[in-house]
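Being a predicted model, the structure only gives us computed values, none of them experimental. Residue numbering restarts at 1 for every chain, and letters A, B, ... go by the order of the sequence lines.
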Amino acid sequence: MLEVRDLRISFRTEHGRVRAIDGVSFDVAESEILGVVGESGSGKTISLLAVMGLINDPNAVIEGSIKLRGRELIGLKASEMRKLRGREIAMIFQDPMTAMTPVYTIGWQIAEQIMVHERIGKKAALARAIDLLAEVNIPNPREAIERYPHQLSGGMRQRAVIAMALSCNPALLIADEPTTALDVTVQAQILDLIRKLRRVHKSAIVFITHDMGVIAETADRVMVMYSGRVVERGTKAEILLEPRHPYTKALLDSIPPLEGEKPRRLKSIPGSPPSLLDLPKGCSFGPRCPSRFDKCAEKPPLEGGAHAAACFLKAAP
Amino acid sequence: MTAAPLLEARNVTKQFVIGNRFTAQGLRTVHAVDAVSLKIMPGETVGLVGESGCGKSTLGRCMTRLYDITGGELYFEGVDITTKTLRQMRPLRQRMQMVFQDPYASLNPRRRIRDLIAEPLRVHLRLSETEVRDRVRQLLDVVGLSPDHMDRFPHEFSGGQRQRIGIARAIALEPSLIVADEPVSALDVSVQAQIVNLLADLQERLSLTYVFIAHDLSVVRQVSTRIAVMYLGSIVELGSANDIFAKPSHPYTQALISAVPQPDLKKAGERKRIVLTGDVPSPINPPQGCRFHPRCPFATDKCREERPVLTEMAGTRSVACHYPLTA
Amino acid sequence: MLLALIRRFGQMIFVMFGISVLVFLIFFVTPGADPAARIAGRNASPETLEAVRKSFGFDQPVWVQYYTLMKKLFVTQDLTSFVNRGWKVVPAVIDTIPVTLSLVIGAAVLWVIFGLLVGLIAAATRGSWIDKSLMALGLIGCAMPVYWLGEVMNLITQSRYHDSWMFSWVPPLGYKPLTEDPKGWFLTLVIPWITLSILYIGLYGRVLRANLIEAMQEDYIRTARAKGLSETRIMLRHALRTSLISFVTLFGLDFGALVGGAALLTEVVFGLQGVGKLTYDALQNLDLPVIMTTVIYASFFVVLANALVDVVYILLDPRVRSA
């Protein structure tokens, strides 16, 4: 349903053009959960902001193609894009503490979104808001619509944000680290909720996270990003059990285990992710890669069919 | 353990008063840390874990006397430091240091690295300028940074490198105790592992004692010898890291561990997830009886009325629960 | 919420009481000076001095003196000036209040409307030439001293171009009471309103623009965009509403201060017999009872305006209501 082809995003800055996204392609099928993993600066958030049409920077240059159910989104008129946002594609953000306008009630903010997209009265919109809050397991939804964001706990607020995102039954929901700011026990509740909503609403979900554990619990397919490129993609089992790209492997190895024997030292990746201003030539993971060889001075293409890795080592069978 | 504890907290309590007496609610008391007793032995790493509002950071700051405590007593190397003034604390500060979560915020952006690291040396020790420079060079080397970086400013470093600078500052005076407050939570996973390894190396080389505060359970398990699980201002379970994770005794510990999402798909089928209901209650108005009872799947009337105290079980384990899971 | 309001007003009364005590102490109980001599003015005769002593009860304990003064100010209102013999001070101050209020309220209406417009338009067109020229004009408005601007206005409308079609409607300087001559009231005040408001339009426009631009960076604005709202709606409903808080704070402080006498220069330039002008004259004559009364009046107004600002806060920001 969502087809992204060769997406390139760059920013004009005083240091010249900075390429944030370099030829990213991916698909999302109806009612599947695609997990997008990467560290800060990997471009995972910005590529999905592009899908939302939410890159407002006048210095941004966006090229490539983003098709939602066959309709091209790049170059779409602002007013047309606005009609899609919130109705066809919705997005929830990382920090529920600041995601809602502090001076309006939860009910008002949910009803606002419904009323913008549908011909519906305020009463009917509020009634829908109550149903939505009930659906995301907020206790006493009738009272909750009268609450202001600051009166709810973090977990409850994230539920309200999710209810708002679902209010127009979007075909695609983009969740940008929706549980990172929450406590572990609350995170478990929200992950349960997201799985349940996928079953009920049949929305496709793109789940952005840096946490491989969260991926294991939610995603069907996974896409691993590193400095603006997709380095590996495949099903959850393929990525977590038989990672092909050295970066994916190293990332999985650097997570301390929760059970069994403690390793004396953690396997870590030397160095830090490259600055976008100064990307290495060829494979951008090259300088930190343990299995680097001569060929890595060229840019590796993403090859290998369904389970693809952008690495010369693995592409050769 | 027969040795004397390096740091001992006896019934340490910390309350904050917030609000304004002219607003509707008036002044309110936050019970951040509630009668916590804990002994830190030399050479060990004690992990403090818990969710937001459990008081782990506050306890860490009380231990280093960054906060004055409301009640209880603190002993460092056998000396009562409960009521020491700032001036009296100064010589002791060399022996106990803190490392903070946000390496971006804890370094003055307008000063060069050499000055940032040299600052504690200049304040506490009488060294000549060449001695200071040699020491800074040596410290940078110890934490894995090139001495060529001495003249750079903090913004020229990545998050992981900045945390290395923060650590270099903390070990500059050769302390015996380092309280690290979420030192790796702002870092990317790949960099996090580097810092965890660095802390382990330094512990060995400089025979340091750590109090390691974090919300990430897998990191805490990795670095700690003992772990104290906190909930709403109190320690609910205390014991060796391996034991606690293998066989949690407190229902909260059990739920907390089971809630951590793990990337290991092979074991996913075997694991039983316990999803707690509700949120952590506010430390302004903690529940009566056992503070965990509103969310506890096993709560009885006794739990609602009587507050369990931290009692020693077999071995080194202590639990504050009327019905511990592993008897 | 009602409780919060009552508390806030209780606090206000308490502060006002504190101010009255402080003013009393400064004027009456300062050591080393005879308050009677100061009240009586320069070169007062021994009989006058004696009358002052009796009238203010300087032979009695301090708290009785305070009580006497408060009674003269608020109950009997017969505090008399000794510099201008027999002049009743309290009615004189009360007489000036409508003048100052007319001036300041009219100007406030102008500066709130235009301040909002300037701020909103500049923030919406950020970086464009419209934004840049509005900000430049705002800076000029802030920088022009009000007495100079007033004199220039007078020069243009009262003498140079008074006979042209543009300004022939401008009446001579002075004040016409609203109840007696509404049209005259309005016409005499138009030019003073514009003069006084220009400074504040510049200031408020700039402050609001900065606040709006800051608010537009907030996470909840991104959420609002993700909801598919129009930019206009985002600006007016989401960004403006949260930016108004500092706008209102500023307004309360400025309005209170102006009503309390800070519009002095405008009043002097346009020959308006307001509170500021009265204080100014009293200072020149060292007329202590008048100074004292206007000081208390002015500080009460600042306190009242601040209390009202807090009430507006409670209405604007739900977080204040419960926190």
Side-chain angles (χ1 to χ4, degrees), chain A residues 37-42 137 139 152-156 179 181-189 191-193 209-218 226 236-237 239-241 247 250-275 288, chain B residues 49-54 144 157-161 185-198 200-201 215-224 241-242 245-246 252 255-268 270-271 273-282 295:
Chain A
V37 212
E39 298 179 283
S40 48
S42 63
N137 303 333
L152 301 181
S153 66
M156 286 300 145
T179 59
L182 302 175
D183 282 321
V184 201
T185 57
V186 181
Q187 165 171 293
Q189 299 167 4
L191 293 180
D192 267 3
L193 175 66
T209 181
H210 67 275
D211 187 337
M212 282 290 192
V214 172
I215 286 291
E217 301 228 336
T218 51
Y226 186 79
K236 172 168 70 179
I239 297 288
L240 294 179
L241 298 176
Y247 173 66
L251 204 56
L252 284 166
D253 282 343
S254 60
I255 304 167
L258 206 54
E259 292 163 315
E261 194 65 19
K262 274 202 270 186
R264 229 187 61 73
R265 286 175 65 85
L266 290 176
K267 287 182 198 149
S268 65
I269 310 179
S272 43
S275 147
R288 299 174 75 190
Chain B
V49 281
E51 297 179 285
S52 53
C54 73
F157 292 89
S158 69
Q161 289 173 318
S185 16
L187 305 174
D188 280 319
V189 190
S190 68
V191 180
Q192 189 172 301
Q194 297 171 9
I195 300 293
V196 166
N197 285 339
L198 172 67
D201 292 345
H215 67 273
D216 186 329
L217 289 160
S218 54
V219 171
V220 170
R221 184 182 111 106
Q222 175 65 29
V223 299
S224 306
N242 286 327
F245 276 84
Y252 176 65
L256 195 65
I257 294 169
S258 83
V260 179
Q262 283 183 64
D264 196 342
L265 282 181
K266 286 177 208 144
K267 290 181 190 149
E270 307 159 18
R271 274 207 335 269
R273 280 250 317 270
I274 303 162
V275 177
L276 291 175
T277 51
D279 288 304
V280 183
S282 151
R295 300 176 78 197

Bottom line for A/Lys236: the part with an atom under 4.5 Å from chain B's heavy atoms is both
Pair count under 4.5 Å, heavy atoms only, with chain B: among A/Ile215, A/Val184, A/Leu251, highest is A/Val184
Counting heavy-atom pairs under 4.5 Å with chain A, the top scorer among B/Arg295, B/Gln222, B/His215, B/Gln161 is B/Gln222
Whatever's closer than 4.5 Å to a heavy atom in chain B on A/Pro139 counts as neither
So CG of A/Leu252 and CD1 of A/Ile239: to nearest 0.5 Å the spacing works out to 9.0 Å
Has B/Ser224 got a side-chain atom pairing as donor or acceptor with B/Arg221's backbone, closer than 3.5 angstrom?
no
>> Do B/Val196 and A/Pro256 make a side-chain contact, defined as non-hydrogen atoms from C-beta onward lying under 4.5 Å apart?
In response: no
One option among A/Gly213, A/Ser153, A/Gly41 has the most heavy-atom pairs under 4.5 Å with chain B, and it is A/Gly213
Honestly, the part of A/Leu258 sitting under 4.5 Å from a heavy atom of chain B is both
Applying side chain to side chain donor-acceptor pair (under 3.5 Å) to B/Ser190 and not counting sequence neighbours gives A/Glu39, A/Arg288
For B/Ser218, the side chain to side chain donor-acceptor pair (under 3.5 Å) test, sequence neighbours excluded, returns B/Asp216
Chain B shares the most heavy-atom pairs under 4.5 Å, among A/Pro270, A/Gly154, A/Gly155, A/Ser268, with A/Ser268
Counting heavy-atom pairs under 4.5 Å with chain A, the top scorer among B/Gly50, B/Ala246, B/Ser52 is B/Ser52
- Evaluate the side-chain proximity of A/Gln187 to A/Val214: yes if any heavy-atom separation is below 4.5 Å, no if none is. yes
